[in-house]
Amino acid sequence: MKQFLRVILFFTVPVVLWGCPYDSPYGIDKTATEDIDESLLGSWSGLVSKPCDDGQYKEDTVKIIFSKSTATEYSIAITGYINELKPFHVITNDSVKGTAFISIVAKKEFLNAFIKGKMYIAEVKRENNSLSILCLAEHFTSKYIKNSIELRQAVEFHYRIAATVSYDDYFILKKLQKTD
């Protein structure tokens with residue numbers, strides 16, 4: 001019976017962990033070093049495609065609000081139809097709130113978002129007056145990260161060798177438009 005349970009756990013645990021956003025007690029940098037980008041401040045909104053159980057996708061409106069907290073740190077609030085985040089216990093009232101700062105790795109911008117005691121890492125892409133925030137998936141690295149230096153090295157390594165970057169399907173905000 002023990003062997004049967006081990007086999008079941010061996011196959012189910014990776015599947016469950018495969019669909020989580022990468023979180024860490026560490027950011028890419030220990031502290032914020034990049035000055036805030038004034039062009040990010042304000043409200044950004046758009047439609048977000050979310051995978052459903054039946055293999056289809058549904059679209060919902062989501063808004064992310066960046067405001068200046070310090071010279072190097074943002075206050076962020078994400079609002080909209082975000083019920084899928086309830087199991088992660090990050091929603092307060094109707095929004096997810098936290099702080100964030102930007103790090104540069106491999107000539108790419110990354111948002112280090114600190115929400116409810118965890119740091120979430122997302123690539124920030126800007127093109128044609130739109131903003132995309134692409135959270136890294138839990139499986140982007142198999143390495144146990146013990147500090148900010150190791151996290152930076154793991155992100156650099158992943159972007160250097162991966163044929164496609166491992167983003168989390170549930171935590172992708174693509175082509176957001178500034179609303180104010």
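Since the structure is predicted, the reported quantities are computational estimates derived from the model, not experimental observations. Numbers here simply count residues along the sequence, with the first being 1.
In this structure, the side chain of Glu150 engages the main chain of Lys146 through a donor-acceptor pair within 3.5 Å. Although no hydrogens or angles enter the test, the distance criterion places a donor-acceptor pair under 3.5 Å between the side chain of His158 and the main chain of Ser166. In terms of modelled atom types and a separation under 3.5 Å, the side chain of Asn112 and the main chain of Phe101 share a donor-acceptor contact.
Using a 4.5 Å heavy-atom cutoff, the side chains of Leu151 and Ile121 are in contact. Contact annotation: the side chain of Ile65 never approaches that of Ile76 to less than 4.5 Å [non-hydrogen atoms, C-beta and beyond]. Side-chain contact between Tyr74 and Leu41 is present, with heavy atoms from C-beta onward closer than 4.5 Å.
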Exercise for review: Start with the C-alpha distance between Phe114 and Tyr26, add both sets of side-chain angles, then the distance that settles ring pair (Phe, Tyr, Trp, His ring centres under 6.0 Å), and finish with yes or no.
Suggested key: CA-CA 9 Å; Phe114 188 72; Tyr26 313 103; over 10 Å; no
Review point. Ser148 and Asp29: side chain to side chain donor-acceptor pair (under 3.5 Å), yes or no, with the steps?
Key: CA-CA 6 Å; Ser148 294; Asp29 296 314; over 6 Å; no
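Val155 and Phe157 fall into different hydrophobic clusters, where Ile, Leu, Val, Met, Phe, Trp and Tyr are joined by side-chain heavy atoms under 4.5 Å apart, directly or via other members. Hydrophobic clustering keeps Leu47 apart from Trp44 (ILVMFWY residues linked when any side-chain heavy atoms are closer than 4.5 Å, directly or through intermediates). Using a 4.5 Å cut-off between side-chain heavy atoms of Ile, Leu, Val, Met, Phe, Trp and Tyr, with links allowed through other members, Val124 and Phe66 fall into the same hydrophobic cluster. A continuous path of Ile, Leu, Val, Met, Phe, Trp and Tyr side chains, each step under 4.5 Å between heavy atoms, connects Leu131 with Leu111, placing both in one hydrophobic cluster. Under the 4.5 Å side-chain heavy-atom criterion for Ile, Leu, Val, Met, Phe, Trp and Tyr, Ile28 and Met119 are members of the same hydrophobic cluster.
In the model, Asn128 has no side-chain atom that pairs as donor or acceptor with a side-chain atom of Ser130 under 3.5 Å.
Between Asp35 and Lys68, none of the side-chain N atoms (NZ, or NE/NH1/NH2) sits under 4.0 Å from a carboxylate O, so this pair counts as no salt bridge.
Every side-chain contact (heavy atoms from CB on, under 4.5 Å) that Lys125 has, sequence neighbours left out, goes to Glu123, Ser132, Leu134, Tyr167.
Heavy atoms only, all atoms of each residue included: Thr141 and Ala154 are closest at OG1-CB, 4.1 Å.
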